[in-house]
Amino acid sequence: QVHLVESGGGLVQAGDSLRLSCAASGRSFNDYAMGWFRQTPGKEREFVAAITWSGARLRFAGSVKGRFTISRDNAWNTVYLQMNSLKPEDTAVYYCAEDRIAGRRDASPNQYDYSYWGQGTQVTVSS
């Protein structure tokens, strides 16, 4: 059973930065792509960023491209989401997720390609 734990959320002002972390356990982290998604009340969960198992390929939602970056440390079984120049519209619960297929070549933006999810961490950006 895979267990994912997000941390690093909080309340910040517009323009500030935050770094989210997601620690994974339960299977070979190195073999699986990881993704970050976010959700606000009443809205569908939306893709934010993803990274392949090797870290060679990244993918970002258009709304965060140039402001957010994703990275991973396979030695520590952790994936990170660095969020810069935060905006009020970035306010959401952020979830990390682990791909259902080992060794996928691309970083998928499709939430249905991910089989394990963390509990989420709240990010609130005030204007």
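Please read these numbers as outputs of a predicted model, since none were measured by experiment.
- Between Tyr94 and Phe68, the ring-plane angle classifies as tilted under the 30° and 60° cut-offs.
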May I have the step-by-step check of side-chain hydrogen bond (donor to acceptor under 3.5 Å, both in side chains) for Glu89 and Thr91, ending in yes or no?
CA-CA 5 Å; Glu89 51 264 43; Thr91 294; over 6 Å; no
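- The minimum heavy-atom distance linking Gly8 with Leu18 is given by the pair O-CD2, 3.6 Å.
- Among residues two or more places apart in sequence or in another chain, the side-chain hydrogen bond (donor to acceptor under 3.5 Å, both in side chains) test is passed with Ser21 by none.
- Linking ILVMFWY side-chain heavy atoms closer than 4.5 Å, directly or via other members, places Phe37 and Trp53 in two distinct hydrophobic clusters.
- The shortest non-hydrogen separation linking Ala49 to Leu81 is CB-CD1, 4.0 Å.
- For Asn110 (side chain) and Tyr112 (main-chain N/O), a donor-acceptor pair under 3.5 Å exists by modelled atom type.
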Salt bridge (charged side-chain N to carboxylate O under 4.0 Å, His left out) between Asp113 and Arg104, worked out
CA-CA 10 Å; Asp113 284 335; Arg104 192 189 299 270; 3.7 Å; yes
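- How far CG of Asn74 is from CG of Asn30: 4.0 Å, rounded to the nearest 0.5 Å.
- The heavy-atom pair separating Phe47 from Arg59 by the smallest distance is CZ-O, 3.5 Å.
- By the criterion of side-chain heavy atoms lying less than 4.5 angstrom apart, applied directly or through intervening Ile, Leu, Val, Met, Phe, Trp or Tyr residues, Trp36 is grouped together with Leu58 in one hydrophobic cluster.
- Within a 6.0 Å sphere centred on CZ of Arg105, other residues, nucleotides and ligands contribute 12 heavy atoms or fewer.
- The side-chain tip of Arg72 does not point at the ring of Tyr80 from less than 6.0 angstrom away and within 45° of straight on.
- Two different hydrophobic clusters hold Val93 and Ile70 under the rule that ILVMFWY side chains link at heavy-atom gaps under 4.5 Å.
- Judged as a disulfide (SG to SG under 2.5 Å), not a single pair has a partner in residues 24-57 (not counting sequence neighbours).
- Looking at Thr78 and Asp73, their side chains never bring a donor and an acceptor atom within 3.5 Å of each other.
- Under the 3.5 Å distance criterion, the side-chain polar atoms of Arg67 are matched with a main-chain donor or acceptor of Ser85.
- Transitive grouping of hydrophobic side chains (ILVMFWY, heavy atoms separated by less than 4.5 Å) keeps Tyr32 and Val79 in distinct clusters.
- Between Tyr114 and Ala50, the shortest heavy-atom contact is OH-CB, 3.4 Å.
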List the steps, then state whether side chain to side chain contact (heavy atoms under 4.5 Å, CB included) holds for Leu20 with Val123.
CA-CA 9 Å; Leu20 306 184; Val123 172; 4.0 Å; yes
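- Without hydrogens or angle criteria, Arg19 side chain to Gly9 main chain gives no donor-acceptor distance under 3.5 Å.
- Between the CD1 atom in Ile51 and the CG atom in Asp99 there is a gap of 12.5 Å [rounded to 0.5 Å].
- Counting all heavy atoms, side chain and backbone alike, Ser127 lies closest to Ala14 at CA-CB, 4.4 Å.
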Please lay out, stage by stage, how Ser17 and Gln82 fare under the test side chain to side chain contact (heavy atoms under 4.5 Å, CB included).
CA-CA 7 Å; Ser17 297; Gln82 178 67 44; 3.9 Å; yes
Take Trp76 and Phe29, measure what side chain to side chain contact (heavy atoms under 4.5 Å, CB included) needs, and give me the verdict at the end.
CA-CA 9 Å; Trp76 289 96; Phe29 176 80; over 6 Å; no
Please step through side chain to side chain contact (heavy atoms under 4.5 Å, CB included) for the pair Asp90 and Arg38, ending with a clear verdict.
CA-CA 9 Å; Asp90 294 318; Arg38 66 187 182 188; 3.0 Å; yes
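- Put simply, the residue from Arg100, His3, Gln1, Met34 that forms a side-chain contact (heavy atoms from CB on, under 4.5 Å) with Tyr116 is Gln1.
- Residues Gln111 and Arg45 have side chains that bring a donor and an acceptor to within less than 3.5 angstrom of each other.
- Closest heavy-atom contact between Glu6 and Gly120: OE1-N, 2.9 Å.
- Of the possible donor and acceptor atoms, none in the side chain of Thr52 sits under 3.5 Å from a partner among the backbone N and O of Ala107.
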